[in-house]
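Each residue takes its place number in the sequence, starting with 1.
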Amino acid sequence: MAGLRQQVPARFAAVYMGYAAALARAPLDADTRRAYDSRVRGYLAWLATEDPGEPSPLGDPHARDFAARDYRAHLKTARKRSASTVNAHLTALDHFYVHLGLGRVQVRRDRLPKRAPRALDTREQKRYLRAAERQPLARDRAIGRLLFYTGLRVSELVALDMDDVPLSARKGKVIVRSGKGGNSREVPLVDPSGRAAQAEWNAERAGWPGGGTPALFLNRRGGRLSSRAVDQLLDELAVDADLVDDNGKPAISAHNVRHTFGTNLIRAGVDIVVVAELMGHEDLETTRLYALPTEADVEAAVARLPADQ
């Protein structure tokens, strides 16, 4: 994969390396770090072809905004990127320029149609859970189900210690001690198969290297499992469940599994305040996104129109 990375022009290499180092320490999940890194590299490569001169867009707020506006136009017209993709690139530039001390870019974002976050539909959920059950390691079977039945962020999952998931014959819960924004919460682990998978891993874990350490999920060397390793597991589950895009690449992520948890709760009629609590949302507006129509909802609505006979 490294050979396919966008090359950063030599003139911007020092700036990029400083940003990359800061990005590695930023409190972001692995998917977001990779996206920001890729988008900033693409921007710097484009910027080198424009020869912006002085003042530099990397040192002057006005030049920053002119460059970002031109890059927005380039993405929309020359690259034919969608409005949501262009907005995502601008968000990455916000993060980059905040790191440089210039603040966020002052560039208008396109208004997007409001849609619910991408979640797995009913058939996809069944395929995902079956793929999780087929995993050879008890650890991975437990992770697949725990993500599905609790909606944890990957960073929250890998931070769990053994005593954060107390189990009994009929009950279980997950204690998130430091979620997004440093907030804590508890999520009941009600599903029997989820509790059974976790109990199976707990029993097997004792024989792994590092079994005496507090981390709940271990790698093969006995250290705490990384977010990257969980992302790779999700990729494997997606391929096994045939949840891939037209190019054969995994079409689900931990984000999708978390969105599925929230969507299932909303569509089951759970009060939005309770959903927000379970998902660790500080703002109810974030939770309300799960009540919005999906692309499938919109297509199904239009399909109900009378056909021309």
Side-chain angles (χ1 to χ4, degrees), residues 1 29-32 34-35 84 115-158 160 165 172 174 187-202 204 216-217 225-270 275 278-279 287 289-303:
M1 291 296 292
D29 61 55
D31 286 341
T32 303
R34 286 195 295 271
S84 60
R115 294 286 185 271
R118 164 80 171 100
L120 304 180
D121 64 28
T122 302
R123 288 182 295 178
E124 290 172 334
Q125 291 178 42
K126 290 179 179 178
R127 282 153 53 191
Y128 166 85
L129 289 171
R130 288 169 183 163
E133 188 59 32
R134 288 192 292 267
Q135 287 297 302
L137 293 179
R139 179 199 66 184
D140 296 344
R141 294 194 293 274
I143 289 173
R145 288 191 173 275
L146 197 64
L147 288 172
F148 185 85
Y149 288 112
T150 64
L152 294 187
R153 302 175 178 92
V154 169
S155 59
E156 295 169 342
L157 180 129
V158 298
L160 292 174
V165 188
V174 178
V187 184
L189 186 55
V190 176
D191 179 70
S193 64
R195 294 200 306 275
Q198 189 60 50
E200 184 182 8
W201 161 241
N202 289 351
E204 184 177 302
L216 177 61
F217 293 112
L225 195 68
S226 68
S227 295
R228 177 58 182 157
V230 178
D231 290 334
Q232 290 174 336
L233 169 62
L234 267 293
D235 287 347
E236 294 170 7
L237 290 177
V239 172
D240 186 27
D242 195 27
L243 297 171
V244 296
D245 62 20
D246 293 339
N247 297 316
K249 294 182 179 180
I252 64 170
S253 67
H255 285 303
N256 300 137
V257 180
R258 174 172 162 80
H259 296 331
T260 301
F261 174 79
T263 299
N264 285 345
L265 291 174
I266 289 291
R267 298 205 168 192
V270 178
V275 178
L278 290 171
M279 299 196 71
T287 316
L289 293 175
Y290 293 96
L292 294 173
T294 64
E295 292 294 336
D297 293 332
V298 173
E299 291 176 5
V302 175

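Note that CG of Leu216 and CD1 of Ile143 are 8.0 Å apart. Values are rounded to the nearest 0.5 Å. In this structure, the separation between CG on Leu120 and CZ on Phe261 is 14.0 Å, given to the nearest 0.5 Å. Between the OH atom in Tyr149 and the CG atom in Leu129 there is a gap of 5.0 Å [rounded to 0.5 Å]. Note: Ile266 CD1 to Leu289 CG = 10.0 Å, rounded to the nearest 0.5 Å. Interatomic distance, CE of Met279 versus CG of Leu152, reported as 10.0 Å (0.5 Å rounding).
When all heavy atoms of Ala119 and Thr263 are compared, the pair lying nearest together is CB-OG1, 3.6 Å.
Of the N and O atoms on the side chains of Gln125 and Asn264, at least one donor lies less than 3.5 Å from an acceptor on the other residue.
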Requested in this report: Could you go through the side-chain contact (heavy atoms from CB on, under 4.5 Å) check for Glu156 and Thr150 one step at a time?
Outcome: CA-CA 11 Å; Glu156 295 169 342; Thr150 64; over 6 Å; no

Requested in this report: Step by step, work out the side-chain contact (heavy atoms from CB on, under 4.5 Å) result for Asp31 and Val154.
Outcome: CA-CA 10 Å; Asp31 286 341; Val154 169; over 6 Å; no

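Looking only at side-chain heavy atoms (C-beta outward), Glu124 and Asn256 stay at 4.5 Å or farther from each other. Inter-residue side-chain proximity for Arg139 and Glu204 is flagged as unmet; no heavy-atom pair is nearer than 4.5 Å.
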Residues 228-244 side chain polar contacts: donor-acceptor under 3.5 Å, at least two apart:
| residue | atom | partner | partner atom | Å |
| --- | --- | --- | --- | --- |
| Asp240 | OD2 | Arg134 | NE | 3.1 |
| Asp240 | OD2 | Arg134 | NH2 | 3.4 |

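For Asp297 and Arg267, the salt-bridge test passes: some basic side-chain N is under 4.0 Å from an acidic carboxylate O.
No more than 12 heavy atoms of other residues, nucleotides or ligands lie within 6.0 Å of CG in Asp246, so this atom counts as exposed by the packing criterion.
With Asn247 contributing its side chain and Lys249 its backbone, the two residues share no donor-acceptor pair below 3.5 Å.
Contacts classified as side chain to side chain donor-acceptor pair (under 3.5 Å) and involving residues 190-202 (residues at least two apart or in different chains) are given here: Arg141-Glu200, Arg145-Ser193, Asp191-Ser193, Gln198-Asn202. Under the ring-ring contact (aromatic ring centres under 6.0 Å, His included) criterion, the residue pairs touching residues 125-145 are Tyr128-Phe148, with sequence neighbours excluded.
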